[in-house]
Structures are given as C-alpha cells and as structure tokens.
2 protein chains.
Amino acid sequence: MLTPIPVTELSRMKHQPPLAARSEQLAPRMQTSEPEAFLPASVPMNFGRNAEIYAEDETAGYVYKLISGVVRISKLLPDGRRQISAFHLPGDMFGFEVGDLHHASAEAVGSVKVVAFKWHSLLSATASNDFVHELLNRTMIGLRQTQDHLLLLGRKTALERLAAFLLELAERSGQDSQDSVLDLAMPRHDIADYLGLTLETVSRMFAELKENGTIRLESARRVHMINMDKLKAMAA
Amino acid sequence: MLTPIPVTELSRMKHQPPLAARSEQLAPRMQTSEPEAFLPASVPMNFGRNAEIYAEDETAGYVYKLISGVVRISKLLPDGRRQISAFHLPGDMFGFEVGDLHHASAEAVGSVKVVAFKWHSLLSATASNDFVHELLNRTMIGLRQTQDHLLLLGRKTALERLAAFLLELAERSGQDSQDSVLDLAMPRHDIADYLGLTLETVSRMFAELKENGTIRLESARRVHMINMDKLKAMAA
DNA sequence: CGTGGTTTTGAGCCCCTTCAACCACCGTGG
DNA sequence: CCACGGTGGTTGAAGGGGCTCAAAACCACG
C-alpha cells in the first residue's frame with residue numbers, strides 16, 4: 001500500500017496554483033493493488049478551479065493519477081477555438097505522452113487532488129513488465145473511448161451528443177439506475193467544448209431533454225435522470 | 001517520456017508472397033530465426049476493394065500489419081451514419097483491441113496486402129518486452145492522432161478539414177516538398193466520412209482549394225500540391 | 001458505345017451559430 | 001439587510017455553413 005508522501009519540492013513547481021495553499025492535507029489513502037503499489041516516488045498535489053496541471057507543448061515529466069475532482073484535457077487552435085478531448089474522473093491516469101512534450105493541456109475543472117509520478121522511472125529497465133501491460137491497457141481503453149467520441153463529433157446531432165454525454169457520465173460515475181442524480185462538475189462551456197457545440201446549444205438541448213421528460217434539472221449542475229431508456233434511445 | 005523503440009524484428013519482416021485471401025495456411029519459414037521467437041504464426045492475406053478485414057463486434061483474434069494498400073477503420077450508427085476513425089497506410093499495424101471484440105470494422109479501400117499475427121501469442125508471458133513497448137508506442141501515437149482528429153471534427157470548418165486531410169496524407173506518405181503529387185486511394189465518400197462531412201461538401205471544398213490556387217486536380221484522385229505553405233495556413 | 005460507379009454542380013433548406021439581452025445565484029461590503 | 005459585481009445559465013432573433021435533394025458530367029471498363 002502506498003504511503004502518502006509529504007508535499008516536497010515538487011509542490012513548489014510553477015504550476016502549483018496560488019490557492020493551493022489552503023489545501024495542504026495529505027492525499028487519501030489508497031486500498032488497491034494498482035500500479036503505484038510498486039512504483040517509485042509519488043507526490044500528492046492539489047489544484048484549484050481552472051488551475052493548469054500541465055500545458056500543451058510543455059515538457060512532460062510526470063504521470064498523474066486522479067484522486068478526486070475532475071480534470072479536462074484540451075487543445076486550442078490559434079484563434080482560440082477549443083476542443084476538450086476527455087474529462088478524467090477519480091481513478092483515471094493521464095499525462096503520459098509519446099515524445100517528451102505534452103500534446104494537450106490538463107486543467108482542474110474544480111478542486112482536484114492528484115498523485116504525480118516521475119515518468120521516466122516508470123519505464124526504466126527495472127520497471128515491472130506488469131506496469132507496461134497496465135499502461136498499454138489503459139492507453140488502449142483511452143483510444144477506444146476517443147474513437148467513440150470521433151463518431152459523436154463527426155456524425156451525431158446536438159441532442160444525441162448531449163444524451164450520450166449524460167449517459168457516459170452516469171455510467172462512469174456508477175449511476176446507471178433509473179432516476180439517479182448526476183452532479184455535473186463542469187460548466188456549460190466545458191460541456192460545449194467537449195461536444196463540439198456552443199454553450200447556447202448545450203443549454204437549449206438541456207431544455208429539450210427536460211421537455212422530453214427524460215431529465216429534470218434540480219439546478220443547472222444537478223441532473224435527475226428520469227427516463228434512462230429513452231435517453232439511450234436518443235443517444236443514437 | 002517513452003523513447004521511441006527502434007524498429008523491431010516485426011517491422012523488418014519481409015512481406016510474404018501473395019496467397020489466397022483469408023488463407024488458413026501457415027506462413028513459410030522466415031529467413032532469420034528471430035521473428036518466430038516471439039511471432040509464431042504470421043499469415044499473409046490479400047483483400048480486394050471494399051473487402052471486410054474484420055467487422056465491429058467480431059471476435060478479435062489477429063493483429064494485422066499493413067504491407068500495401070490502404071485500410072479504413074470505421075464505426076456505424078444504427079441508421080447508417082458512418083465515421084471513419086483512421087486510414088492506415090503501409091507499415092501501420094491495426095486490429096489490437098482491449099477486450100476480445102473488435103470495436104470498429106476494418107475494410108480494404110483498394111487492393112490490400114496484410115500479414116496477420118495471432119494476438120494472444122504476442123502478449124503471452126514469454127513474449128518479448130520490446131514488442132510490448134513497441135505496441136504501447138504505436139498505441140500512444142494512434143491516441144495522439146485520434147485526439148488531433150477530435151479537434152478537427154469538433155472545431156474546424158469544412159475547408160480547414162480538407163486542407164488538414166491533404167497535409168496529413170502528404171506527410172504520412174512522405175511527400176512534403178512543394179509541388180508534390182498526392183494519389184488518393186479513397187473515394188470522396190470515404191474522405192467525407194473521415195472528415196465528418198458529406199461527399200458533396202468535400203467536392204466543393206476541393207473546388208475551393210483549386211480556385212485558391214493551393215492545389216491542382218489532375219484527376220479526381222490525383223492532387224498536385226501547389227502551395228503547401230498556404231495549405232498549412234488554411235488548415236488552422 | 002452503353003453502363004454503373006464516382007464526382008461535380010445547382011437550388012433550397014435547416015440545424016446550429018452568432019449576437020444580444022436578461023436572469024439566477026452568491027459571496028462581499030456598505 | 002440589501003446593493004453590488006461577477007460568474008454562469010437561459011432565452012430570443014437572425015444569419016450562415018453545411019446538408020438534402022436532384023441532375024448532369026465524368027470515367028473506367030465491358
């Protein structure tokens with residue numbers, strides 16, 4: 001089991017956001033046989049809302065395992081258009097790259113706790129073959145999810161996209177029963193940039209789902225999934 | 001950062017003489033003894049135009065290395081809408097999946113030669129660590145390309161998409177000099193399903209690039225790249 | 001030459017965007 | 001206690017980029 005390591009010099013890295021000062025608590029303990037169980041130096045880190053964990057084209061030195069909160073991975077065009085390629089939930093790993101530069105940026109959607117691992121030590125000659133298999137497996141799962149997202153962006157309508165998004169979140173956060181409640185960590189603008197839409201369209205599609213009777217909005221961020229089967233049918 | 005693994009024995013394998021499509025016989029003996037050390041059964045196969053190499057949801061038993069021709073990887077929605085997630089060129093490997101089912105289908109765009117490897121034998125306990133690294137590297141490269149494609153599908157205009165597509169093909173087939181000629185293996189409909197457009201829009205964008213003076217169409221499938229820098233500027 | 005598949009071009013329309021106004025919520029401070 | 005500003009969300013009106021439907025042109029191959 002991983003022993004929580006006190007915040008070290010890494011915590012003074014340039015990306016540590018100012019408001020991380022109030023969150024000096026230790027990372028929660030983990031109860032798994034996951035990769036970090038046999039890995040070298042791990043460093044808990046905290047990030048505040050919208051804090052940058054790493055930037056596109058920045059040198060990639062660390063791999064991150066998300067403990068709590070939500071992280072968005074995004075790319076920007078020169079004129080500011082943004083595409084979010086993934087939202088990461090607790091348990092996900094991110095930040096490993098081919099080559100030595102990050103190919104997209106990672107930002108905290110809300111408050112985020114991660115554990116950072118030195119990347120090159122993970123794949124050193126002494127590293128376990130099991131870990132490479134684990135990493136391959138996670139990468140292949142990520143590739144599969146990204147290919148699904150290609151189909152969504154290339155071929156689905158706005159309503160289908162939002163329905164698929166809500167179902168994806170519900171499934172990933174373990175809420176797949178009827179009438180479950182879904183708490184959205186991210187604002188409409190992030191949802192829009194994930195679904196390849198504008199935030200206004202996202203808002204209108206929420207309204208349409210509401211009128212359809214498939215969801216109920218307790219607040220903008222709190223969604224009741226009333227008719228999961230109908231949602232699935234609408235996700236195409 | 002994953003250092004690029006030098007091309008392994010797998011990549012050096014000579015392509016076998018053509019056999020009948022979907023041949024069940026074993027490959028002839030290799031000239032070197034290394035390949036069979038960790039690549040037991042390799043089978044050369046040929047496919048004709050639009051032939052299915054494997055289908056979505058089919059049991060995944062083989063990994064394929066493309067020798068010649070172009071392969072498209074695609075997913076279908078129930079109503080027939082199609083998204084092509086990748087075109088594979090000679091040298092590419094495809095067909096490895098997490099889980100035991102193919103998550104997308106693979107079809108030959110034109111005439112195709114591949115070598116098929118039994119999947120399970122590649123990742124067995126006795127399999128070379130180098131091969132797992134190579135596979136991880138290829139998967140991560142594929143993930144990076146797919147994330148780039150998300151940005152294209154989610155945020156780029158039709159003209160930007162076609163410009164980016166032509167540049168991608170030119171780069172991948174090694175034609176990055178000025179006034180190079182690009183032979184498109186795929187019809188407009190495939191380009192459209194790759195770029196998330198209709199074939200009519202693709203045709204119109206070709207016309208627009210022609211009028212821009214960035215390309216010249218010797219025929220519908222043969223593109224002269226006249227102004228590569230302008231193309232790059234247009235790809236956003 | 002026909003013939004079928006592919007590509008181009010045209011005309012009208014629609015889904016989503018753009019632009020804009022308004023509202024809801026919330027922590028802060030007078 | 002309420003005014004205040006700021007962030008985030010909703011709603012409306014109008015426009016446009018790409019789609020749909022349609023037809024013609026092109027092209028390889030019998």
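Chain identifiers are assigned alphabetically (A, B, ...) following the order of the sequence lines, protein sequences preceding nucleic acid strands; residue numbering begins at 1 within each chain. Given the structure is predicted, the values throughout are model-derived calculations rather than measurements.
- Annotation: cation-pi pair B/R172/B/F87 absent, no NZ/CZ under 6.0 Å from the ring centroid and within 45° of its normal.
- Not counting sequence neighbours, B/R221 has no partner by the salt bridge (Lys or Arg N to Asp or Glu O under 4.0 Å) test.
- Nearest-nucleotide positions on DNA chain C for B/A207 and B/R49 put B/R49 closer to the 5' end.
- Regarding A/K156, its NZ atom lies at a distance of 18 Å from the P atom of D/dC19, rounded to whole Å.
- DNA chain D is contacted by B/G196, B/L197, B/T198, B/E200, B/T201 of residues 185-201 of chain B, taking any non-hydrogen atom closer than 4.0 Å.
- Atom-to-atom, CD of A/E208 to P of D/dG12 comes out at 14 Å; the value is rounded to the nearest Å.
- Bracketed by its first and final contacts, the part of DNA chain C lying under 4.0 Å from non-hydrogen atoms of chain B reaches from C/dT6 to C/dA11 in 5' to 3' order.
- Inter-residue side-chain proximity for A/K75 and A/S85 is flagged as unmet; no heavy-atom pair is nearer than 4.5 Å.
- Judged purely by distance below 3.5 Å, without hydrogens or angles, the side chains of B/N227 and B/R216 never pair a donor atom with an acceptor atom.
- Here A/F165 pairs with A/Y194 under the ring pair (Phe, Tyr, Trp, His ring centres under 6.0 Å) rule; sequence neighbours left out.
- Contact check on A/R155 versus B/D193 returns a salt bridge, with a Lys/Arg side-chain nitrogen under 4.0 Å from an Asp/Glu carboxylate oxygen.
- Proximity of A/V98 to A/H103: side-chain heavy atoms (C-beta onward) are nowhere separated by under 4.5 Å.
- Side-chain contact check for A/I226 versus A/I215: every heavy-atom pair is 4.5 Å or farther apart.
- Between A/F94 and A/Y54, the angle of the ring planes lies from 30° to 60°, which puts this pair in the tilted group.
- With sequence neighbours left out, B/A51 forms a side-chain contact (heavy atoms from CB on, under 4.5 Å) with B/F47.
- Of all the residues in residues 209-222 of chain A, A/L217, A/A220, A/R221 reach under 4.0 Å from DNA chain D with at least one non-hydrogen atom.
- Summarising the geometry, the separation between CE on A/M205 and P on D/dT10 is reported as 12 Å, rounded to the nearest angstrom.
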